[in-house]
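The structure is given below, and queries will be raised subsequently.
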2 protein chains.
Amino acid sequence: MVTLAEVAQHAGVSASTVSYVLSGKRSISANTRQRVERSIRELGYHPNAGARALASSKSNIIALMIPLRTDMYVPVMMEIAIAVATSARTHGYDVLLLTGEEGPDAVRRVAGSGLADGMILMDVELDDERLPLLRATDQPSVLIGLPADTAGLTCVDLDFHATGALCVEHLAKQGHQDVALIGEAPAVYERHTGFAERTLDGLRSRSRELGVRLLHRPCEGGYDAMAVTLARILDERPGTSGIIVQNESAVEPLLALLRQQGRAVPEDVSVVAICPDQVATQASVRLTSVAIPAQEMGRHAVEHLVAKLEGRGSDEVVLIAPELTVRASTGPAPSRS
Amino acid sequence: MVTLAEVAQHAGVSASTVSYVLSGKRSISANTRQRVERSIRELGYHPNAGARALASSKSNIIALMIPLRTDMYVPVMMEIAIAVATSARTHGYDVLLLTGEEGPDAVRRVAGSGLADGMILMDVELDDERLPLLRATDQPSVLIGLPADTAGLTCVDLDFHATGALCVEHLAKQGHQDVALIGEAPAVYERHTGFAERTLDGLRSRSRELGVRLLHRPCEGGYDAMAVTLARILDERPGTSGIIVQNESAVEPLLALLRQQGRAVPEDVSVVAICPDQVATQASVRLTSVAIPAQEMGRHAVEHLVAKLEGRGSDEVVLIAPELTVRASTGPAPSRS
DNA sequence: TTCGGGTATCGAAGCGCTTCGACAACCTAT
DNA sequence: ATAGGTTGTCGAAGCGCTTCGATACCCGAA
């Protein structure tokens with residue numbers, strides 16, 4: 001392992017000079033700088049991360065806590081994780097991957113050991129048990145997702161309330177009166193995951209305003225669960241002509257079932273999905289959808305965290321405005337016979 | 001931040017004693033140990049990661065390089081990543097997430113800076129450009145996936161060759177004579193990703209042995225691409241009665257198309273999938289499949305790497321034996337008319 | 001010519017931990 | 001009673017880096 005001291009000797013300067021060349025915190029003559037840089041290259045020097053962290057009390061690492069569960073939105077999680085890792089690198093940070101498994105202890109461990117300079121939490125629940133700790137240790141952090149009380153926290157999320165509203169609006173505009181939301185698995189609602197409830201809220205209040213009748217049914221992913229759910233919906237509200245799906249693994253089963261029952265999309269039933277664009281464009285019907293901007297969320301989270309770490313930046317809630325893309329799965333409501 | 005020295009003072013012992021209590025590398029009297037442990041608890045002490053790394057030249061971090069691309073097997077990647085993170089923790093390691101983006105430079109950076117003690121590489125290509133570096137720096141590492149030349153490397157993977165063989169065997173046993181493989185996207189083959197080629201090899205050689213006619217067609221995910229691919233297959237080999245799919249995002253479109261064309265599964269066509277169990281059981285037909293043991297792969301990779309880091313363990317290739325689960329998508333070949 | 005004020009560099013003091021050698025205290029076998 | 005071996009603890013050296021004065025030099029203004 002090549003050390004700073006060896007580089008210094010090779011370049012004929014002192015160790016501190018090399019350090020200043022590296023950090024740029026003091027001015028260095030062009031001549032010296034070049035000599036040092038040459039030595040660094042020739043010796044293949046890489047600063048030792050541990051020594052750096054110790055001396056500067058900065059690890060240049062961001063911790064990312066991802067949920068252990070894989071019952072929902074796996075590709076979205078992955079995309080966010082990759083976006084976080086990628087944009088962290090552009091700011092000179094590496095990413096430490098923590099799973100939810102350790103729970104709050106992970107927060108304590110990371111904050112206490114100085115392993116990471118800050119953390120990004122995904123899949124934050126409304127009343128997340130990690131939040132008190134985060135506030136107490138005032139660990140620089142950014143949440144992806146919205147807890148019930150955001151005081152003193154920085155959060156990034158899609159504006160799911162507006163998303164819900166946007167979906168009904170689109171359907172209402174086409175004359176749909178009876179709309180159903182096929183949601184996430186019941187467990188997701190029981191867990192009080194914010195995004196699911198906020199979508200529902202937005203949907204409900206806008207439906208009321210627009211005079212649309214709304215039925216909400218959670219649904220496990222998969223074909224069988226979907227069959228049951230769909231049957232119930234059509235049984236209870238036979239006139240349902242608009243369906244909003246917020247569950248990736250329910251999308252394709254839904255389309256298959258509708259087809260099987262002879263209900264044409266969008267002639268008989270309009271479908272709006274809340275899902276990544278990739279899912280919407282690859283489905284058997286190109287779906288009108290509100291995209292989940294995973295990359296953007298990851299990037300925002302990193303940027304806010306970095307800002308905090310650099311002393312800029314403040315606590316705030318960033319809600320990304322939803323965008324609805326019209327594709328082939330929605331159209332005018334069928335005329336009531 | 002509480003330091004070792006403060007704990008020592010609080011417990012009335014020297015710093016080194018506290019260190020030995022923590023590491024267990026020298027015997028400590030029960031009495032002293034308890035006093036120290038109490039102080040640690042009372043002060044809420046956490047060892048500083050940087051200082052530790054510096055003094056011991058061990059970071060207790062494993063780097064995990066995941067592919068940047070998300071054109072395939074995203075849930076599998078995620079599951080592996082989570083399994084790696086989880087089992088790393090049980091061995092006292094944390095996981096640093098690197099994306100493929102930096103390419104070989106990441107290997108250099110991590111190895112050079114002592115950021116991580118070892119690394120796990122996912123999505124290794126047959127002739128991966130990171131391998132020469134890995135060998136040169138003799139960085140402790142484990143690959144998930146198999147390169148062309150495994151000399152001096154430790155690799156963990158599903159035995160895709162056997163997987164391919166297993167799939168045809170199952171179909172042949174049921175009397176299927178014309179079998180098609182619907183594979184990954186063409187880009188995957190062009191990239192010479194090992195698993196795809198090995199599956200094909202296994203499939204081909206076993207087909208030859210069994211006298212089965214095999215047709216291989218790569219396929220992008222999604223409904224439209226699938227429609228084209230399927231049409232071509234049935235056009236070229238109208239008698240095809242067995243289909244093997246190795247592409248998660250082609251599974252549901254395939255089933256939908258078969259249904260639409262009035263071909264019953266498994267009465268007219270048998271389908272075997274190579275995919276995670278979750279996909280197989282959630283599909284609109286419960287699929288006979290060979291599971292991709294993501295968790296097991298992640299766990300194996302960590303265990304081998306940890307063994308290496310502890311001086312045990314050697315270079316070897318671990319191929320996990322495939323298991324085929326019979327579900328509702330395969331049956332006897334229809335009698336030729 | 002002298003002095004203030006940059007600019008470029010150096011030396012030394014840590015950062016918080018691990019680890020090695022030393023040493024005291026005790027026990028056992030002679 | 002003494003040599004030899006254990007066991008438990010301590011002190012100090014260092015891991016490789018950052019950073020804070022201090023210093024030496026050079027320039028232009030007085």
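So you know, we letter chains A, B, ... as the sequences are listed, proteins then strands, and number each from 1. The structure presented is a predicted model; accordingly, all values stated were derived computationally and were not measured.
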Got a list of side-chain donor-acceptor pairs under 3.5 Å for residues 128-136 of chain B, not counting sequence neighbours?
{"residue": "D128(B)", "atom": "OD1", "partner": "R130(B)", "partner atom": "N", "Å": "3.0"}
{"residue": "D128(B)", "atom": "OD1", "partner": "R130(B)", "partner atom": "NE", "Å": "2.8"}
{"residue": "D128(B)", "atom": "OD2", "partner": "E125(B)", "partner atom": "N", "Å": "3.0"}
{"residue": "D128(B)", "atom": "OD2", "partner": "R130(B)", "partner atom": "NH2", "Å": "2.8"}
{"residue": "R135(B)", "atom": "NE", "partner": "A151(B)", "partner atom": "O", "Å": "3.0"}
{"residue": "R135(B)", "atom": "NH2", "partner": "D149(B)", "partner atom": "O", "Å": "2.8"}
{"residue": "R135(B)", "atom": "NH2", "partner": "A151(B)", "partner atom": "O", "Å": "3.2"}

Worksheet entry | Check ion pair D157(B)-R198(B) (N to O, under 4.0 angstrom) | yes
Worksheet entry | Closest-nucleotide 5' rank along DNA chain C - winner of P47(B) and R26(B) | P47(B)
Fill in: Any N/O donor-acceptor pair, S16(B) side-chain to dG11(D) base, under 3.5 Å
yes
Practice prompt. On DNA chain D, check which nucleotide each of I28(B) and L54(A) is closest to and give me the residue with the more 5' one.
Written response: I28(B)
Worksheet item: Roughly how far, to the nearest 0.5 Å, is OG1 of T3(B) from OH of Y45(B)?
Response: 7.5 Å
Discussion item. Taking side-chain contact (heavy atoms from CB on, under 4.5 Å) as the definition, give me every residue that meets it alongside H300(B), ordered by chain and number, with sequence neighbours left out.
Written reply: V156(B), E296(B), H304(B), V318(B), I320(B)
Discussion item. I want to check something: taking the side chain as every heavy atom from C-beta on, are T193(B) and D123(B) in contact at a cut-off of under 4.5 Å?
Written reply: yes
Worksheet, complete the sentence: Result for 5'-nearest mapping on DNA chain D, choosing between S27(B) and T3(A), is S27(B)
Worksheet item: Contact class for S19(B) vs. all strands (heavy atom < 4.0 Å): base, sugar-phosphate, or nothing?
Response: base
Worksheet item: Could you give the start and end, 5' to 3', of the contact zone on DNA chain C for chain B, using atoms under 4.0 Å from its heavy atoms?
Response: dG16(C) to dA22(C)
Worksheet entry | Any side-chain heavy-atom pair of P67(A) and M122(A) under 4.5 Å | yes
